[in-house]
Amino acid sequence: MKTTTTRAFQCVGILAVGALLLTACGSSDGGGAGQAAAAGTFEGRGPITFVAGKDTTGAIQPVLDRWNELHPKEKVTFIQLPTDADAQRQQMIQNAETKSDAYTVLSLDVVWTSEFAAHQWIDKLPEKQFPLDRMLKPVVETAKYRDGLYAAPASSDGGMLYYRTDLLKKAGIGRPPATWAELKADCAKVRKLPEAKGMSCYAGQFQKYEGLTVNFAEAVNSAGGVVTDADGRPDVDTAAAKEGLDFLVGSVKDGTIPKEGITYLEEDGRQAFQSGKLVFHRNWPYVHSLAGKSDIKGKYAVAPLPGLSGPGSSSLGGHNLALSSFAGNKATALDFMKFFSSEENTATLLKEASLAPPYASLYDDPALVEQYPYLPVLKESILNAVPRPRVVQYGDVTAAIQQEAYAALTGSKSSAQALKDLQEALRKSTGQ
Ligand code: GLC
């Protein structure tokens with residue numbers, strides 16, 4: 001288990017990587033692609049677009065409809081991209097590279113802020129116009145680059161362990177597993193029940209995409225390892241990191257993770273869990289609301305992610321609203337970003353789609369906690385989450401992690417070799 005102190009040091013380290021890289025790559029706040037958009041000018045009113053990954057919750061269009069009713073001359077159109085985070089990033093980069101004005105407000109994954117800001121694909125925002133002091137601090141950090149605000153925190157994300165309360169209870173287990181060993185032992189007991197026939201134990205996101213980066217980092221962190229060390233250098237060729245990766249590799253080998261689990265993105269895992277195929281499932285908070293409308297309604301709960309010798313730690317996820325530098329109608333866009341990221345709207349998204357709000361007070365509101373008992377687990381998950389490297393070259397970093405983690409999971413490389421090669425690749429892509 002990682003202590004809070006270690007995590008705090010690690011975050012500093014990760015920021016340090018970012019700082020070094022930025023110096024190394026010589027990006028500056030002036031010049032480059034972003035010249036088209038003079039910082040600080042938000043002019044023009046009229047139609048805009050909101051660009052995000054496919055809305056699997058169904059809760060986003062109603063928000064846009066509310067905006068459109070209030071602003072008939074400044075309507076927002078929803079452009080939905082694929083669910084896969086890497087595909088979203090590629091399309092957003094393509095839009096920026098062609099300086100297209102097709103995308104106005106981008107729902108930017110928290111790990112892309114540095115890259116998009118450094119390339120001046122997104123505008124610096126007027127910080128004072130957003131109530132950042134009421135938001136969770138780690139969430140606000142994800143929207144910053146070189147002390148400037150480049151996105152409005154809209155929804156956070158922390159990984160949680162979904163588990164079948166009904167089956168654990170029947171198997172005589174009175175608490176969710178806190179360690180990987182407990183997860184395996186609990187699953188073995190559950191699988192002896194007639195009602196668990198054909199069920200698999202566990203799945204997260206192990207397809208070769210951003211979700212794998214998340215799940216790999218969580219395994220490493222939850223075994224006490226790091227991807228980058230306290231000084232911001234890649235430090236993944238370690239015994240602790242190997243224990244983390246070995247948990248995943250071993251789980252594929254011994255069937256804890258079913259074979260098809262290696263093809264899962266978030267939605268595949270959610271569907272498997274909801275249709276009763278999994279006892280345990282790692283996923284984001286949005287699943288809570290959808291599973292509550294499925295066949296397993298009332299039969300599941302959430303717990304912190306398990307780790308090697310105690311509770312593990314999540315990667316910090318989420319999406320912030322950024323303004324494309326190449327868009328028109330920026331005055332409308334800024335107002336829309338304030339509307340969408342307001343406490344009122346994020347509370348609605350919490351209630352309707354269990355999306356994690358950036359506002360601290362919503363997690364402690366007794367009425368909300370009573371109605372949504374997962375909120376304290378979610379808050380802990382977010383506050384203790386480990387950010388993925390905040391680097392301009394995030395695309396290279398995540399590609400290297402995906403490649404090596406996938407090679408280990410599919411057995412084409414040993415864990416030791418994969419970590420050795422990953423260390424080398426990260427050293428190269430971060431210039432360390
Ligand atoms: C979720 C998270 C995001 C992460 C992605 C990986 O959408 O909010 O941060 O990168 O999952 O699949």
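Scope of the values below: all heavy atoms of this structure, side chains included, with no hydrogens, waters or symmetry mates. The first residue in the sequence is number 1, and the count goes up from there. As the structure lists them, so they are numbered: ligands from 1, and atoms in each ligand from 1.
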The side-chain contact (heavy atoms from CB on, under 4.5 Å) partners of Lys413 (sequence neighbours excluded) come to Glu404, Ala407, Gln417, Ala418, Asp421

May I ask you to list the atoms of ligand 1 that are less than 4.0 angstrom from any heavy atom of Tyr209?
-> 12 (O)

With rounding to the nearest 0.5 Å, note down the distance linking CZ in Arg282 to CD in Gln205.
-> 5.0 Å

OG1 of Thr348 to CZ of Phe340: how many Å apart, nearest 0.5 Å?
-> 10.5 Å

Any chance you could measure Leu125, atom CG, to Leu323, atom CG, to the nearest 0.5 Å?
-> 6.5 Å

Would you mind listing which atoms of ligand 1 come within a distance below 4.0 Å of any non-hydrogen atom of Asp157?
-> 1 (C), 2 (C), 7 (O), 8 (O)

Distance from atom 6 (C) of ligand 1 to nearest protein heavy atom, with residue and atom = Glu266 OE2, 3.4 Å

Where ligand 1 meets Gly317 - atom numbers and elements under 4.0 angstrom, heavy-atom basis = 8 (O), 9 (O)

Considering the heavy atoms of Gly318, write down every atom of ligand 1 situated less than 4.0 Å from one of them.
-> 2 (C), 3 (C), 8 (O), 9 (O)

Per-atom contacts, ligand 1 versus Glu210 - under 4.0 Å to a heavy atom | 6 (C), 10 (O)

Between CG on residue Leu409 and CG on residue Leu212, distance to nearest 0.5 Å | 6.0 Å

Would you indicate whether the side-chain heavy atoms of Pro131 and Tyr359 approach each other to under 4.5 Å?
-> yes

For ligand 1, which atoms have a heavy atom of Asp109 less than 4.0 angstrom away?
-> 3 (C), 4 (C), 5 (C), 9 (O), 10 (O)

Taking 4.0 angstrom as the limit, do Lys144 and Glu127 come out as a salt bridge?
-> yes

Those atoms of ligand 1 less than 4.0 Å from some heavy atom in His319 | 7 (O), 8 (O)

Which ligand 1 atoms, with their elements, are less than 4.0 angstrom from a heavy-atom of Arg388?
-> 3 (C), 4 (C), 9 (O), 10 (O)

